[in-house]
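Structure first, then comments.
Computed over heavy atoms, backbone and side chain alike; hydrogens, waters and symmetry mates excluded. Both ligands and their constituent atoms are indexed starting at 1 by order of listing.
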Amino acid sequence: MQRIYLDHAATTPLDPRVRAAMDPHLTSVFGNASSAHWHGRQAKAALEQARASVASSIGAHPSEIFFTSGGTEGDNLAILGTVQARGPQGVITAAGEHHAVLDTCHHLQALGVPVTVVPVDASGTVDLAAVEQALAGGASLISVMHANNEVGTIQPVRAIADLAVRAGAVMHTDAVQSAGKIPVHVDELGVHMLSLSAHKFYGPKGIGVLFIRRGTQVAPLAHGGGQERGQRPGTENVALAVGCAEALRLAIDEQGAMMQRLGGLRDRLEAEILRMFPGVLVNGDRGNRLPQLLSVSFDAGVYPMEGEMLVTNLDLEGISVSSGSACTSGSIQPSHVLAAMGRDEATAKATLRFSFGAANTDADVDTVVGAVQKVMERMVRPR
Ligand code: PLP
């Protein structure tokens, strides 16, 4: 069976060019970047080149780039490290954040740190008035993502960062989904911290970046050999850092043409689904969302079915997509993002997220349209 992968927001395949850049660092250039000898210096040079490349990709200074194990660690380091360094005055986040941010904030809350979760509107956009009100209560940190992983909505990060600065708080943004899709520049966004994850832009898994603006105090979460200027100790994985840097450079280099093409595929799929299923709900801010992502919900009142089985049924047709629910403690729970946007439980469960990537073609859209139609004919119960 021909399989079609439309789940690039979950992860992407490794770009062969990235693999080629990593290859020497997995074999011949094996030194420990902390060693003073020639082998160590070779590794160190490659690591620092990767750091400089990441910095230039997002408008930062190399000393502001810290390699992490990925988006989850970057988010944890930003949030926990800030609270540890600046004191537990309070943390603000938003209802549609990724679990890497939300669960970290809930962990702090359980430890007694005041946490405010500001709402999002029906399009998934953070309410600026609620942010301003929460900041007035006193907080050391606000963390709001750049673009949402489930519905693609792009947040007003710059406006939130400006409010944060005025209130004396620092601003972190999770840019895991936006990097390589829309411009990510730390000064234009006005943020103090920003997390990235390489496997979302055709880099390797297990590596990411936390940008920490000079002068921003963030305590390390681990202690040891002092690598990454003590911010993230442990022997550096040079091959992964090189892969991360090259993947980001390529993704940003090719972003314009790639997103124009994938946006075209996304728009055609959206139009076909809207045509086939009157009343289908498009999730996210249609005027301000990631170009390669489409999230649709089948209103339970119009299309009664076991919505949580949609993804499994599409999988049987050879299509890999994501759903609007997650298996938590053995039961299927609707996505917290869709719930925060006001979708009822049954409709949230009947959600499909299609996220396009480099290998997708026009023919894929036709195949997916046929598969969705077939699956819906099978699944929707007569009313
Ligand atoms: N933040 C967002 C918005 C994500 O989409 C993801 C991945 O799904 C993460 C964080 C976690 O990143 P990683 O898988 O690198 O830990």
Exercise for review: List the closest protein heavy-atom neighbour of atom 6 (C) of ligand 1: residue, atom name, distance to the nearest 0.1 Å.
Suggested key: H98 NE2, 3.3 Å

Review point. Among protein heavy atoms, which lies nearest atom 16 (O) of ligand 1, and at what distance?
Key: T72 OG1, 2.6 Å

Check your understanding: What protein heavy atom sits nearest atom 13 (P) of ligand 1, and how far off is it?
Key -> G71 N, 3.5 Å

Check your understanding: Would you call the rings of H336 and H99 parallel, tilted or perpendicular if under 30° counts as parallel and over 60° as perpendicular?
Key -> tilted

Check your understanding: Cluster question for you: counting only ILVMFWY and a side-chain heavy-atom cut-off of under 4.5 Å, with indirect links fine, are V218 and V209 together?
Key -> no

Check your understanding: Tell me, which protein residue and heavy-atom name are nearest atom 7 (C) of ligand 1, and how many Å apart are they?
Key -> K200 NZ, 2.7 Å

Exercise for review: Would you mind running through ligand 1 and noting each atom that sits below 4.0 Å from a heavy atom of M145?
Suggested key: 3 (C)

**Study point:** Q177, any N or O under 3.5 Å of ligand 1 N or O
**Key:** yes

Revision key, fill the gap. Under 4.0 Å from one or more heavy atoms of N149, ligand 1 contributes atoms 3 (C), 5 (O)

Review point. Is the shortest distance from a Lys or Arg side-chain nitrogen in R268 or D366 to a carboxylate oxygen in the other one below 4.0 Å?
Key: yes

Point to revise | Pairwise ring-ring contact (aromatic ring centres under 6.0 Å, His included) hits with a residue in residues 197-234, at least two apart | key: none

**Study point:** Residue and atom name of the nearest protein heavy atom (relative to atom 10 (C) of ligand 1), distance in Å to one decimal
**Key:** D174 OD2, 3.3 Å

Check your understanding: Does a side-chain N-to-carboxylate-O contact under 4.0 Å join R166 and D162?
Key -> no

Point to revise | R3/D315 salt bridge by N-O under 4.0 Å criterion | key: yes

Review point. Could you give the distance from CG (L210) to OG (S69), rounded to the nearest 0.5 Å?
Key: 11.0 Å

**Study point:** contact_flag H199 ligand 1 heavy-atom lt 4.0 Å
**Key:** yes

Check your understanding: Which of the atoms of ligand 1 are close to S197, meaning less than 4.0 Å from one of its heavy atoms?
Key -> 13 (P), 15 (O)

Check your understanding: What atoms of ligand 1 come closer than 4.0 angstrom to any heavy atom of G70?
Key -> 15 (O)

Exercise for review: Quick one: sort the H39 and F30 rings into parallel, tilted or perpendicular, breaks at 30° and 60°.
Suggested key: tilted

